[in-house]
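A note on names: the letters A, B, ... follow the listed sequences, proteins ahead of strands, and every chain is numbered from 1.
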Amino acid sequence: GAVVSQHPSRVICKSGTSVKIECRSLDFQATTMFWYRQFPKQSLMLMATSNEGSKATYEQGVEKDKFLINHASLTLSTLTVTSAHPEDSSFYICSASASGYYGYTFGSGTRLTVV
Amino acid sequence: KQEVTQIPAALSVPEGENLVLNCSFTDSAIYNLQWFRQDPGKGLTSLLLIQSSQREQTSGRLNASLDKSSGRSTLYIAASQPGDSATYLCAVSRVGTDKLIFGTGTRLQVFP
């Protein structure tokens, strides 16, 4: 079955630094990748949609300069949280799809803690 | 705007019971509906995918049905086990977009 690998699983960083999270589709080409944020005991909130070779589309209210998304190839998308602050601490999850018709595969998530 | 609601929000049952989790959506123009399981602090595991033209899908003890016209889906779990304890999320993908819209989730606890 389709597998999406997300790294790191946990990261602690100091306030003001940047953190990069990687999302890779291991056995299929992902034309579209998605980045979600999840607060404790809440559902997933879509942050942005990225298509290979083009700029990401951000959801309303998501700061594109703070959350930089790069989808450089059909198997890799990265989310960089720039100048991180404690309020950016959250659980971030990526998902990938070769085609939405066939469903979506999710990564294992990254727990970001900004201290 | 598509809204997805799940009922109940939380459920606690003894082992062996058959369960029904409900998902409703407001816009019937969907490509498909997917049920996921999420364990605490983990990513999502896909359980079942139902295309808009299908009525149900089965995998082991799980059965999911879809009634697109009424905007409803149910996830049936037979003979529940403590290992089934997790949060269950339904999500729909809307025609014309690749976006998944998630429901609010049902937190399930199955005790021995």
Side-chain angles (χ1 to χ4, degrees), chain A residues 1-10 21 23-24 28 30-52 54 56-60 62 71 77 90-113, chain B residues 1-11 21 23-25 29-54 57 59 64 66 73 86-109:
Chain A
V3 177
V4 172
S5 173
Q6 186 174 341
H7 291 284
S9 58
R10 288 178 177 272
I21 303 170
C23 180
R24 292 180 184 272
F28 67 101
T31 55
T32 309
M33 287 188 173
F34 304 86
W35 289 94
Y36 294 84
R37 183 172 182 175
Q38 187 177 33
F39 293 101
K41 295 189 178 180
Q42 292 189 23
S43 193
L44 278 71
M45 180 191 76
L46 179 64
M47 298 175 65
T49 303
S50 74
N51 293 289
E52 185 263 341
S54 61
T57 302
Y58 291 81
E59 296 298 300
Q60 194 172 7
V62 177
H71 192 159
S77 176
S90 192
F91 193 61
Y92 294 88
I93 310 176
C94 70
S95 76
S97 174
S99 165
Y101 182 82
Y102 298 105
Y104 302 79
T105 303
F106 282 77
S108 53
T110 297
R111 171 74 57 195
L112 170 62
T113 303
Chain B
K1 178 185 175 185
Q2 178 73 275
E3 293 184 0
V4 184
T5 306
Q6 290 185 243
I7 295 173
L11 188 59
L21 308 182
C23 172
S24 61
F25 47 96
I30 62 171
Y31 270 136
N32 52 47
L33 183 146
Q34 205 164 351
W35 281 93
F36 296 91
R37 167 186 173 140
Q38 185 177 30
D39 294 287
K42 304 292 184 182
L44 275 64
T45 300
S46 179
L47 298 174
L48 291 164
L49 169 68
I50 312 176
Q51 301 295 350
S52 61
S53 58
Q54 297 175 325
Q57 285 288 327
S59 176
L66 173 64
S73 175
T87 295
Y88 290 80
L89 295 159
C90 71
V92 297
S93 66
R94 190 165 167 235
V95 172
T97 173
D98 278 338
K99 294 182 185 180
L100 262 188
I101 308 298
F102 278 88
T104 45
T106 294
R107 289 194 305 279
L108 171 65
Q109 182 180 14

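No part of B/Gln6 comes within reach of chain A, as not one of its non-hydrogen atoms sits under 4.5 angstrom from that chain. The contact between B/Leu89 and chain A is made entirely by side chain atoms (from C-beta outward), counting heavy-atom distances below 4.5 Å. Residue A/Gln6: no heavy atom, backbone or side chain, is found under 4.5 Å from chain B.
Ring to ring, A/Phe34 and B/Phe102 are not that close: their centroids are 6.0 angstrom or more apart.
A distance of 10.0 Å separates OG of A/Ser43 from CD1 of B/Ile101, quoted to the nearest 0.5 Å. For the atom pair B/Ser46 OG and A/Tyr104 OH, the distance stands at 11.5 Å (nearest 0.5 Å). Of the inter-residue distances, the one linking A/Thr105 atom OG1 with B/Gln34 atom CD reads 7.5 Å to the nearest 0.5 angstrom.
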Intermediate values then yes/no, side chain to side chain contact (heavy atoms under 4.5 Å, CB included), B/Phe36 and A/Leu44: CA-CA 12 Å; B/Phe36 296 91; A/Leu44 278 71; over 6 Å; no
Determine, step by step, whether B/Lys99 and A/Thr57 satisfy the side chain to side chain contact (heavy atoms under 4.5 Å, CB included) criterion, reporting the C-alpha distance in whole Å, the side-chain angles of both residues, the deciding distance to 0.1 Å, and the verdict. CA-CA 11 Å; B/Lys99 294 182 185 180; A/Thr57 302; 5.7 Å; no
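With respect to chain B, the highest number of heavy-atom pairs below 4.5 Å among A/Gln42, A/Gln38, A/Arg10, A/Lys41 belongs to A/Gln38.
The shortest side-chain heavy-atom distance between B/Leu44 and A/Tyr36 does not fall under the 4.5 Å cut-off.
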